[in-house]
Every structure is written in structure tokens, then in C-alpha cells.
J.: 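I'd like to ask you about the structure that follows.
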Amino acid sequence: MEKLSDFIAFKSISADPKFESECTDCAIWLSDYLQGFGVKTELIPTPTGKPVVYGRIGSGDTKTLIYGHYDVQPPEPIELWKTDPFVLTEREGRVYGRGAQDNKGQLWYVIQAVKARADSLKEEVIFLIEGEEESGSVGLSQILSSIKGKIKADTLLVCDTGTIDERVGALTMGLRGICHLEVQIIGPSKDLHSGVHGGVAPNPSLALVKMLGTLHDENGRIGIPGFYDSVKEPLKEELALAEKFPITEAMYHGLTGVMPFGGEKGKSIALRRGFLPTIEINGLRSGHIDEGSKTIIPSTANAKLSIRLAYDQDPKETLELVTNFLKLQTPLGLTFKIIDSCAAGRALRVPISSPAVARAKNALIKSTGVEPLYIWEGASIPVLVSLTEVSGAVPVLVGFGLEEDSIHAPNESFKITQWDKGYKFALEFFG
Ligand code: BES
Ligand code: ZN
């Protein structure tokens, strides 16, 4: 707990350039910690500035590569946190703090298990812990092929996922891919009086919401021509396992405060979450958003979007398709601008009948006493597809997060009993 508090105290927010030195300090601290129990470590620089913590321990005929991330999401809105996001605080069986679960907390049980097994490892364990997962893993992706020789492995273990029922362990068998972008519609050179200019000047805010409204059709399906062309259907075996995902509409409401009525009509939750693509608006910014009325035509309007990719969609091509679709609709007199865009990574599919999955499954059965669930997750870990390709390793994704951990939100936490389960799982995995 004490050391985890030190880890959490670093404001390693990869998305905000202000925190670049905190990211580096966090990487140095982590590398020193690993060295402390015999891991031979190295900080690998990346073109984007956040170093990768690399390390090796143990020996044997096989290798397991552990991937994780030391960066975290921004803590905002700060006023909604009950305690300081960067001071690990224990209450009611949980530890609170940014990164308490995603991913510092989960990484911590893996590290503690490898530490406990340090003298009896039957294989070589390689750590690859990056500082930019939460903003698309751009730096690591660029250096992957240059460190190919260092990351060759048989198994890739990632503990950065969750489960739906705390009594049951989960193997995550798929992740969606992801692109994100910010678009801006530029109009008048200053905010205009909405009476003097209303009906004469084009309104960037109005234009943007209209454009965004065309992304989906009335059935919730993405309305961009060609968008689904390369989407691969799930295998029968995958779908059968995915549909066992034990969630009802009422449960979903209990967890989120909203009924699961988003996305494509007539498709199951498991299918919509794990196998279908989605475009979501992450944020909108335009005009007067503070209290009270203000009669203006805003000079600009911005939207942040994320695109979750189904299996086999190409991030770059899809990003281009979406961008052009929006751009072509820009009304006369207004300008379309891309503020930021990232084709982060492809969707991952874990082979169901691989020895690596069997190993993780056995470790889960031993540590939890029950058969694990198979989950096709809607979230993303952008670098994983490239990492499996370059390392040659078969991925296994096991995590103990729960929806109520509120990752990426205020008051992120990790349930201590879930941490214990993670630790026991990892001990079995490396036993
Ligand atoms: N740990 C999450 C991914 C995750 C969340 C897996 C919930 C399973 C359940 C990871 O840190 C994450 O948040 N990824 C981002 C990547 C993006 C910012 C490029 C995501 O999915 O939004
Ligand atoms: Zn995250």
C-alpha cells in the first residue's frame, strides 16, 4: 500500500504536455522499484517523450511479456473528487485515486506476484510498461519494431481489463480498436450578436450539430457509406460465449443510471459492445456554456469524437472516411478544421483455444474456484495488436476491474478484495 501510494502520487497524465516531467519521474521510480527485487531494467526513450519501462527477470525456455501502462487519464472535474486524486486513500474496502485501478493498481498486483515468485520463476519474465496508453500509444507504436529483439515472447499477459461479477474471474477475448479526433467549425472572426446577425451569418454551432447528426441513421447504425465494408462478423463460437455475458437491462441501469438503449436497434448488448463499431461524441465546446443566457452566434464550434473499431477495420482508413464524410458537409461560408486526430489501433481477437489462454484459465480456476467468464470488451488497448505481431506472443487478458471502479471518472477506485484476487491469480500464473 505504501509503495502503491508513491506510484499513484505521480501525476503521470499522458494527454497533457504539462505533466511530461511527472511521466518521466514516474518511469524512473517504477524502474528503480523493479530493480529493487532483481529485475534488470532499462528506460527506453520514445519520440513522444514518455519513456517505456523495460525489464527482464528469471530464465527458462519460455518467455512471458507483461504489458501495462503507468500513465493515467486527467482527473478533471477535480471538484467532484471526495479526496485528492493523487493521494491514495482507503475507505470502505476500496482504495481511491487516479490510476488506483487503471492501470497502476492492476499492474501492482502483477508486479507483487512476480516479486513474490522472483526466486522460483520457471521462465523469463519481461516487463514493458508504457506511459502513453491513455492517449493512443503513439510513441511505443513508433519504436516497436526497433525493440523487436527485446520483446520476443511466447505469452503476452495484460492485466488492464475487468470482470462483470466479482465472484467470477474473466478472460477478455477481444477488444475494439480505436481512433479519436477533434474537429472544429470556424465561422465569424468574433462572436456575433445573434439578433443583429441571426439568419444572415452561418452558425458554426448549428452546422456542427447537424453534421454530427448524420453520423448515425434512425436505427442507430453508422450512416457513412462504406463504413462497414471491412467489418468481420464474429465467429459462431465467439458469439455463443459472448452471449453468456450475464447482464440484464435492469443491471445495466443499476450500474450506469441509464438504460442500454444506445447503438444499433435490435442487437444484443454483448454484440453491440464487443463486436460492432461505434462513433461517440466525447465532448462539445462552443459559444456561451457558462450560467445565464447570452445571445450570440459563436465564432467556433468543436467536437471530440472517438470511433471504436470492429475486428478488421483499418484505423487509418476509417479515420479518413469519417473525416471526409464530415468535411464534405461543411456549409458554405464555414471552414472545417482537424484540431487533433489519432488512428490509435486495431481491434484485438484472442485465439480461444491457445495454450496461453488455457494457462490463464487454469490460474483463474485455481485462484477463484470457479470457471471464468469470456468477455468481448468494448474498450481498447491501442498497441496490443502491433505488440502481438512484433513480439510473436499470444495475448491473454485478465483483469479484476468492476464498473463501480469508475475508471476515467472522478473518484476512481479499486476494491481491495479484487486486488487480492488479481494477486492470487498472478501468483498461480507464475507458479
Ligand atoms: N484499461 C483501459 C481499457 C479497458 C477498460 C479494458 C475497461 C477493459 C475494461 C485502458 O486504459 C483504456 O482506457 N483505453 C483507452 C484507450 C484510448 C484512450 C486510446 C480507451 O479504451 O478509451
Ligand atoms: Zn484507461
Side-chain angles (χ1 to χ4, degrees), residues 8 12-16 48 50 67-75 85 97-110 129-141 157-166 169-182 242 245 247 255-256 270 273-274 277-283 304-310 315 318-319 340-348 350 373-387 395-410 412-414 418 422:
I8 296 284
S12 46
I13 306 161
S14 57
D16 189 339
T48 41
K50 284 111 194 155
Y67 166 85
H69 60 98
Y70 65 78
D71 67 318
V72 296
Q73 288 272 331
R98 175 54 89 230
Q101 194 254 76
D102 181 11
N103 179 223
K104 288 173 176 173
Q106 298 226 60
L107 193 54
W108 206 240
Y109 63 68
V110 187
I129 305 168
E130 67 150 319
E132 227 187 348
E133 193 272 349
E134 299 290 11
S135 38
S137 301
V138 178
L140 176 58
S141 299
L157 176 66
V158 184
C159 295
D160 191 23
T161 53
T163 181
I164 182 79
D165 180 338
E166 59 183 278
L171 283 156
T172 292
M173 303 304 291
L175 293 168
R176 285 192 286 195
I178 182 166
C179 303
H180 54 91
L181 74 155
E182 180 173 358
F245 189 61
I247 192 154
L255 288 169
T256 62
R273 197 176 89 115
T278 176
I279 304 182
E280 300 296 331
I281 301 176
N282 307 135
K304 295 194 190 213
L305 308 175
S306 57
I307 310 162
R308 298 284 166 172
L309 308 169
T318 312
L319 185 61
D340 177 33
S341 76
C342 177
R346 309 178 75 93
L348 176 81
V350 175
L373 267 173
Y374 290 80
I375 294 180
W376 276 263
E377 176 58 56
S380 315
I381 303 177
V383 80
L384 286 194
V385 172
S386 317
L387 188 55
V396 278
L397 284 64
V398 175
F400 294 84
L402 296 169
E403 179 54 42
E404 57 263 36
D405 298 344
S406 298
I407 58 170
H408 294 206
E412 175 179 351
S413 66
F414 199 16
Q418 286 300 98

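Order of listing sets the numbers, starting from 1, for every ligand and every atom in it.
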J.: Which residue and atom name correspond to the protein heavy atom nearest atom 6 (C) of ligand 1, and how close is it?
T.: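 Scanning the protein heavy atoms, the shortest distance from atom 6 (C) of ligand 1 goes to D160 O, 3.3 Å.
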
J.: Show the atoms of ligand 1 that are less than 4.0 angstrom away from any heavy atom in T161.
T.: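 With T161 as reference, the close atoms of ligand 1 come out as 6 (C), 8 (C).
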
J.: Starting from atom 19 (C) of ligand 1, find the nearest protein heavy-atom neighbour and note its residue, name and distance.
T.: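 For this ligand atom, the closest protein heavy atom is P382 CG, 3.6 Å.
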
J.: Check each atom of ligand 1 against the heavy atoms of I407 and keep those under 4.0 Å away; list them by number with element.
T.: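 The atoms of ligand 1 under 4.0 Å from a heavy atom of I407 are 5 (C), 7 (C).
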
J.: List nothing but the number: protein N/O/S atoms under 2.8 Å from the Zn ion (ligand 2).
T.: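 There are 4 of them.
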
J.: With a 4.0 Å cut-off, would you call E377 and R176 a salt bridge?
T.: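 So E377 does not pair with R176 through a salt bridge.
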
J.: For the pair L387 and V158, evaluate side chain to side chain contact (heavy atoms under 4.5 Å, CB included) and give the outcome as yes or no after the intermediate values.
T.: CA-CA 11 Å; L387 188 55; V158 184; over 6 Å; no

J.: Going by the side-chain hydrogen bond (donor to acceptor under 3.5 Å, both in side chains) test, name the single residue among Q418, E412, Q106 that passes it with Q101.
T.: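 Single pass found, and it is Q106.
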
J.: Any chance you could measure E182, atom CD, to S306, atom OG, to the nearest 0.5 Å?
T.: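 Spacing of CD (E182) from OG (S306) equals 12.5 Å.
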
J.: Got a donor-acceptor contact below 3.5 angstrom from the E130 side chain to the L140 backbone?
T.: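 No; zero donor-acceptor contacts below 3.5 Å.
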
J.: What protein heavy atom is closest to atom 17 (C) of ligand 1, reported as residue, atom name and distance in Å?
T.: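 So the nearest neighbour among protein heavy atoms is I178 CD1, 3.8 Å.
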
J.: Under 4.0 Å from a heavy atom of R308: which atoms of ligand 1 are those, numbered in the order shown and with their elements?
T.: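 The atoms of ligand 1 under 4.0 Å from a heavy atom of R308 are 20 (C), 21 (O), 22 (O).
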
J.: Going by distance only, is there an N or O of E133 that falls short of 3.5 Å from an N or O of ligand 1?
T.: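 Yes: some nitrogen or oxygen of E133 is under 3.5 Å from one in ligand 1.
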
J.: Short N/O distance, under 3.5 Å, between E134 and ligand 1?
T.: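 Yes; at least one N/O pair falls below 3.5 Å.
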
J.: Nearest protein heavy-atom contact for atom 4 (C) of ligand 1: which residue, which atom, what distance?
T.: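 Nearest protein contact, heavy atoms only, for atom 4 (C) of ligand 1 is A379 CB, 3.5 Å.
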
J.: Measure the CG-CZ distance between D405 and F400 for me, rounded to the nearest 0.5 Å.
T.: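 Going from the CG atom of D405 to the CZ atom of F400 covers 12.5 Å.
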
J.: Sort out for me which residue in R98, E133, E134 forms a side-chain hydrogen bond (donor to acceptor under 3.5 Å, both in side chains) with Q73.
T.: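 So, applying the side-chain hydrogen bond (donor to acceptor under 3.5 Å, both in side chains) to Q73 and each of R98, E133, E134, only E134 qualifies.
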
J.: Just by distance, do the side chain of D102 and the backbone of V72 share a donor-acceptor pair under 3.5 Å?
T.: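 No; judged by distance alone, with no hydrogens or angles, the pair does not exist.
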
J.: Minimum heavy-atom separation for S135 to A15, with atom names?
T.: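 Looks like OG-N, 3.9 Å.
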
J.: Ignoring hydrogens and angles, tell me if any N or O in the side chain of T161 forms a donor-acceptor pair with the backbone of G399 under 3.5 Å.
T.: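 Indeed, once roles are kept as given, a pair shorter than 3.5 Å links the two residues.
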
J.: Under a 4.0 angstrom heavy-atom cut-off, which atoms of ligand 1 come close to H69?
T.: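 So the answer, numbered in order with elements, is 11 (O).
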
J.: Are any of the heavy atoms in N103 under 4.0 Å away from ligand 1?
T.: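 Flag not set, N103 not near ligand 1.
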
J.: Tell me which one of S137, A344, S380 gets a heavy atom nearest to atom 15 (C) of ligand 1.
T.: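 Nearest heavy atom to atom 15 (C) of ligand 1 lies in S380.
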
J.: Does ligand 1 have an atom that lies less than 4.0 angstrom from a heavy atom of Q106?
T.: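 Q106: no contact with ligand 1 (<4.0 Å).
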
J.: Output yes when the distance from some N or O of ligand 1 to some N or O of D102 is under 3.5 Å, and no in every other case.
T.: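 The answer is yes, given that D102 and ligand 1 share an N or O pair closer than 3.5 Å.
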
J.: Would you sort out whether L348 and T172 count as a side chain to side chain contact (heavy atoms under 4.5 Å, CB included), showing the intermediate values?
T.: CA-CA 10 Å; L348 176 81; T172 292; over 6 Å; no

J.: Would S141 and S386 count as a side-chain hydrogen bond (donor to acceptor under 3.5 Å, both in side chains) if you check the C-alpha gap in whole Å, the side-chain angles of each, and the deciding distance to 0.1 Å?
T.: CA-CA 7 Å; S141 299; S386 317; 5.2 Å; no

J.: Can you find a side-chain donor-acceptor pair between D160 and H69 that sits under 3.5 Å?
T.: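 Per modelled atom types, D160 and H69 side chains form a pair under 3.5 Å.
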
J.: Using heavy atoms and a threshold below 4.0 Å, how should the contact between E377 and ligand 1 be classified: side chain, backbone, both, or neither?
T.: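 The answer is the side chain of E377.
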
